[in-house]
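This report concerns only the one structure given below.
For the single chain, residues carry numbers from 1 onward in sequence order.
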Amino acid sequence: MFTGIITAIGTVTDLQKQGDWQLRIQTPWQCRDIALGASIACSGICLTVTETGDDWFAVAASQETIDVTTLHKWDIGTALNLERALAMGDELGGHIVSGHVDGTAILESVQSENDSHRLQFKAPSNLSPFIAAKGSVTLDGISLTVNDVSGDAFGVNIIEHTWAHTTLSTRQVGDKVNLEIDMLARYMARLLETQKGTE
């Protein structure tokens with residue numbers, strides 16, 4: 001589990017695309033104390049650590065992960081939002097995030113507003129019903145509050161700190177980002193679907 005609070009930006013330094021993709025990610029962290037098998041959210045994708053060095057860790061990505069997320073566009077030099085898994089007693093500063101990406105959203109517009117930035121995204125039609133104004137959403141691993149919703153489109157407000165300490169500031173109109181809908185919305189929809197089936 002994660003919170004959607006980004007603690008570092010890492011960089012892909014090695015990428016092997018045979019079978020399951022093998023990636024090496026350099027970080028500002030001291031990585032020797034990261035246990036093998038630990039989970040790290042890499043731009044919102046929960047990946048398992050397979051190897052570590054002083055300032056890097058390695059992960060593997062299955063074909064399913066490659067197909068559903070933006071990972072298929074990653075290359076050497078790609079910057080990633082990073083968050084280590086939530087530990088017992090850690091502060092829950094964002095919202096509960098699983099790291100299981102549901103799909104991708106497309107950035108449609110960016111507007112500056114005072115010290116913040118308003119970003120408009122388009123969600124896939126099968127995921128947009130799960131996105132509600134004032135609800136939570138995770139974009140490239142970042143926990144955000146939804147400002148407004150109109151059809152498949154939704155807007156978020158990015159404060160200066162988030163803009164400066166994540167990869168959102170590098171995104172351009174037309175780019176895709178990893179989208180994870182709120183876990184509560186997912187389970188509520190499943191519950192309603194189950195109830196409907198018993199009527």
Side-chain angles (χ1 to χ4, degrees), residues 2-13 15 17 21 23 25-27 40-47 61 64-83 93-95 97-183 185-186:
F2 306 92
T3 67
I5 304 299
I6 305 305
T7 57
I9 294 179
T11 305
V12 178
T13 57
L15 178 58
K17 298 184 178 181
W21 287 15
L23 302 93
I25 300 167
Q26 187 171 23
T27 83
I40 297 179
C42 303
S43 286
I45 307 167
C46 178
L47 296 174
E64 169 71 10
T65 300
I66 295 164
D67 290 344
V68 172
T69 70
T70 62
L71 198 150
H72 66 279
K73 289 186 172 290
W74 295 2
D75 209 335
I76 292 173
T78 297
L80 305 174
N81 296 317
L82 300 179
E83 182 190 356
H95 71 283
V97 174
S98 69
H100 301 155
V101 173
D102 295 293
T104 57
I106 301 172
L107 179 59
E108 293 194 315
S109 67
V110 180
Q111 292 182 327
S112 296
E113 186 175 280
N114 298 322
D115 295 327
S116 298
H117 300 269
R118 283 190 174 272
L119 276 61
Q120 193 81 5
F121 290 90
K122 183 176 182 180
S125 57
N126 65 315
L127 297 178
S128 59
F130 300 97
I131 301 173
K134 307 309 176 187
S136 297
V137 70
T138 309
L139 298 176
D140 273 354
I142 307 163
S143 171
L144 296 167
T145 300
V146 177
N147 281 356
D148 55 82
V149 177
S150 177
D152 291 342
F154 66 96
V156 294
N157 187 72
I158 310 300
I159 63 171
E160 183 56 34
H161 177 85
T162 303
W163 192 252
H165 292 90
T166 70
T167 61
L168 276 182
S169 61
T170 67
R171 295 289 174 255
Q172 298 180 350
V173 171
D175 284 353
K176 291 184 177 181
V177 297
N178 292 317
L179 168 65
E180 180 182 332
I181 58 174
D182 182 49
M183 194 178 297
R186 181 187 292 124

Is Ser43 close to Thr70 at the side-chain level, that is, under 4.5 Å between some pair of heavy atoms? no
Atom OG of Ser109 and atom CG of Leu119: how far apart are they, to the nearest 0.5 Å? 7.0 Å
Check side-chain hydrogen bond (donor to acceptor under 3.5 Å, both in side chains) between Glu113 and all other residues, then give those that pass, not counting sequence neighbours. Arg118
Whether Glu180 side chain and Gly44 backbone form a donor-acceptor pair below 3.5 Å: no
Apply side chain to side chain contact (heavy atoms under 4.5 Å, CB included) to residues Gln172 and Val110 and explain how you reach the verdict. CA-CA 8 Å; Gln172 298 180 350; Val110 180; over 6 Å; no
CZ/Phe2 to OG1/Thr138 distance, rounded to the nearest 0.5 angstrom? 11.0 Å
Please determine whether the number of non-hydrogen atoms from other residues, nucleotides or ligands lying under 6.0 Å from atom CG of Asn126 exceeds 12. yes
Minimal heavy-atom distance between Thr166 and Ser169, with the atoms involved, is O-OG, 3.9 Å
Side chain to side chain contact (heavy atoms under 4.5 Å, CB included) between Thr104 and Asn178: does it pass, once the steps are laid out? CA-CA 5 Å; Thr104 57; Asn178 292 317; 4.1 Å; yes
Could you measure the distance from the NE2 atom of His72 to the NZ atom of Lys17? Nearest 0.5 Å is fine. 10.0 Å
Is there a side chain to side chain contact (heavy atoms under 4.5 Å, CB included) between Leu23 and Leu15 once you walk through the steps? CA-CA 5 Å; Leu23 302 93; Leu15 178 58; 3.5 Å; yes
Residue Asn114 excluded, over 12 heavy atoms near CG under 6.0 Å: no
Pairwise distance CG(Leu168) to OG1(Thr170) - rounded to 0.5 angstrom: 7.5 Å
Partners meeting side-chain hydrogen bond (donor to acceptor under 3.5 Å, both in side chains) with Thr65 (sequence neighbours left out): Ser62
Pairs of donor and acceptor atoms involving the side chains of residues 149-165, under 3.5 Å and at least two apart or interchain, shall be tabulated with distances.
{"from": "Asp152", "atom 1": "OD1", "to": "Ser128", "atom 2": "OG", "distance (Å)": "2.7"}
{"from": "His161", "atom 1": "ND1", "to": "His165", "atom 2": "ND1", "distance (Å)": "3.4"}
{"from": "Trp163", "atom 1": "NE1", "to": "His117", "atom 2": "NE2", "distance (Å)": "3.3"}
{"from": "His165", "atom 1": "ND1", "to": "His161", "atom 2": "O", "distance (Å)": "2.9"}

Supply the atom-to-atom distance Thr11 OG1 to Ile76 CD1, rounded to the nearest 0.5 angstrom. 11.5 Å
Side-chain contact test, heavy atoms from C-beta onward, threshold under 4.5 Å: evaluate it for Val137 versus Phe121 and give yes or no. no
Taking all atoms of both residues into account, what is the closest heavy-atom pair of Ala61 and Leu71, and its distance? CB-CD1, 3.7 Å
Is the backbone N or O of Asp140 less than 3.5 Å from a side-chain atom of Asn81, with the two atoms forming a donor-acceptor pair by type? yes
For the atom pair CG (Leu179) and CD1 (Ile106), what is the distance rounded to the nearest 0.5 Å? 11.0 Å
Side-chain heavy atoms of Leu107 within contact of Val177, under 4.5 Å: no
For the residue pair Ile6 and Gly141, what are the closest heavy atoms and their distance? CD1-O, 3.4 Å
Would you name the heavy atoms of Thr7 and Glu83 that are closest together and state the gap between them? OG1-CA, 4.1 Å
Between Glu108 (side chain) and Gln120 (backbone), is there a donor-acceptor pair under 3.5 Å? no
Derivation and outcome, side chain to side chain contact (heavy atoms under 4.5 Å, CB included), residues Cys42 and Leu82: CA-CA 5 Å; Cys42 303; Leu82 300 179; 3.9 Å; yes
